[in-house]
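Take a look at the structure set out below.
By convention in this document, chain letters (A, B, ...) are assigned in the order of the sequence lines, proteins followed by strands, and residues within each chain are numbered from 1. Keep in mind that this is a model prediction, so the values were computed, not measured.
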Amino acid sequence: MKIATFNVNGIKTRLAHLLRWLEREQPDVACLQELKALDEGFPERELRDAGYGALWKGQRSWNGVAILARGTDPLEIRRELPGDAADEQSRYLEAAVNGLVVGCLYLPNGNPQPGPKFDYKLAWFERLIAHAATLVDSPHPVILCGDYNVVPTDFDIYNPRSWRKDALLQPETRDCYARLLAQGWTDSLRHVHPDEAVFTFWDYFRQHWEHNSGLRIDHLLLNRKLAPSLKAAGVDRWVRGEQKASDHAPTWVELDLDRLTAPSPKRKI
DNA sequence: ATGTCCCCACCTTGGGGA
């Protein structure tokens with residue numbers, strides 16, 4: 001089972017890219033971020049024609065997340081991150097797909113830093129940490145994936161020098177991510193590629209894609225139940241190389257759900 | 001400070017966000 005996360009940077013502009021990628025890579029589940037469209041602007045029919053059922057949560061101009069499932073409809077669990085009823089931003093969706101719990105998130109960018117946007121980022125992160133604590137030891141397999149807007153370490157960026165003041169590299173941001181992982185989550189890409197620089201995002205400035213000056217900010221985290229199923233992980237870099245591409249590339253894991261450990265039976269003496 | 005690309009509105013340019 002292949003699960004992917006892809007910040008499309010505008011679903012309307014990127015629909016043809018998205019359809020080409022789905023056709024070629026056939027992910028079973030795809031979590032999308034930055035739809036930048038209202039609910040009524042979501043291309044439900046085109047995706048259904050491509051074989052995908054969908055859940056989505058749009059917003060005018062900014063944010064927006066969706067969960068796609070090949071050959072089935074994702075079963076909605078929640079449409080917002082708990083902890084702040086006043087939060088209007090469309091940044092979280094959670095659904096069940098074939099027994100797997102999938103959380104799709106778009107963590108706030110947080111720039112400029114310091115400032116109210118950075119405060120919002122850290123507050124949102126704390127809510128994510130609190131919610132994740134209820135999922136990490138779940139008897140169900142859980143994956144939390146999306147654009148975390150965190151470069152976890154200096155190894156996850158081409159060169160941190162010009163990014164030192166950026167919200168994505170701040171010690172507070174990294175501490176949140178470290179505390180999240182410390183609950184017991186597996187960072188799939190880093191687990192599969194411990195010694196390799198892996199990037200998922202190359203900004204549009206200064207020919208960063210052409211020079212492979214990237215960042216690793218799209219993450220797929222597995223809870224304890226799911227982690228033993230991790231078979232492979234990677235980045236579909238070819239999507240970033242297309243004309244008029246998103247600044248992110250689809251990032252994925254391959255899971256072998258047959259490896260899900262059954263609840264341990266009561267042992268007879 | 002800058003670079004580029006997205007979306008929307010004071011709607012075909014300019015501003016905000018990333």
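Going from the P atom of B:dC10 to that of B:dG16 covers 13 Å, rounded to whole Å. Only the C1' atoms considered, B:dC7 is 22 Å distant from B:dT2, to the nearest whole Å. For the P atoms, the distance from B:dA1 to B:dT13 is 30 Å, rounded to whole Å.
Residues satisfying the side-chain contact (heavy atoms from CB on, under 4.5 Å) criterion with A:Gln207, sequence neighbours excluded, are A:Glu210, A:His211.
Nearest heavy-atom pair, A:Leu128 versus A:Leu81, reported as atom, atom and distance to 0.1 Å: N-CD2, 3.6 Å.
A:Leu18 places its CG atom 16 Å from the C1' atom of B:dC6, with the value rounded to the nearest Å. Going from atom NZ of A:Lys244 over to atom P of B:dC5 covers 7 Å, rounded to whole Å. At whole-Å resolution of the value, CG in A:Asp203 and P in B:dC6 are 14 Å apart. As a whole-Å value, the separation of A:Arg14 CZ from B:dC5 C1' is 8 Å. Put simply, CD1 on A:Ile11 is 17 Å from C1' on B:dC5, counting in whole angstrom units. Summarising the geometry, the separation between CG on A:Asp166 and P on B:dG3 is reported as 18 Å, rounded to the nearest angstrom. Per the geometry, NE2 belonging to A:His208 stands 13 Å off P belonging to B:dC5, to the nearest Å.
The hydrophobic cluster analysis finds A:Trp62 isolated: no Ile, Leu, Val, Met, Phe, Trp or Tyr side chain comes under 4.5 Å of it, directly or through other members. Under the 4.5 angstrom side-chain criterion for Ile, Leu, Val, Met, Phe, Trp and Tyr, A:Phe155 has no cluster partners at all. Through side-chain heavy atoms spaced under 4.5 Å, either directly or across other Ile, Leu, Val, Met, Phe, Trp or Tyr residues, A:Phe42 is tied to A:Phe6, A:Val8, A:Ile11, A:Leu15, A:Leu18, A:Leu19, A:Trp21, A:Leu22, A:Leu32, A:Leu35, A:Leu47, A:Tyr52, A:Trp56, A:Leu68, A:Trp238, A:Val239.
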Under 3.5 Å, which protein N or O atoms sit close to an N or O of nucleotides 15-18 of chain B? Give each pair with its distance.
unit_1 : atom_1 : unit_2   : atom_2 : d
B:dG17 : OP2    : A:Lys117 : NZ     : 3.2
B:dG17 : O5'    : A:Lys117 : NZ     : 3.3

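Pairs of residues two or more places apart, or lying in two chains, that qualify as ring-ring contact (aromatic ring centres under 6.0 Å, His included) and include a residue from residues 63-119 of chain A are A:Tyr92-A:His131.
Taking NZ of A:Lys225 as the start and CG of A:Leu260 as the end, the distance is 6.0 Å to the nearest 0.5 Å.
Taking 4.0 angstrom as the limit, A:Thr13 places a side-chain polar atom (N or O) nearer than this to OP1 or OP2 of B:dC7. When the side-chain nitrogen and oxygen atoms of A:Arg60 are compared with OP1 and OP2 of B:dA9, one or more of them lie within a distance under 4.0 Å.
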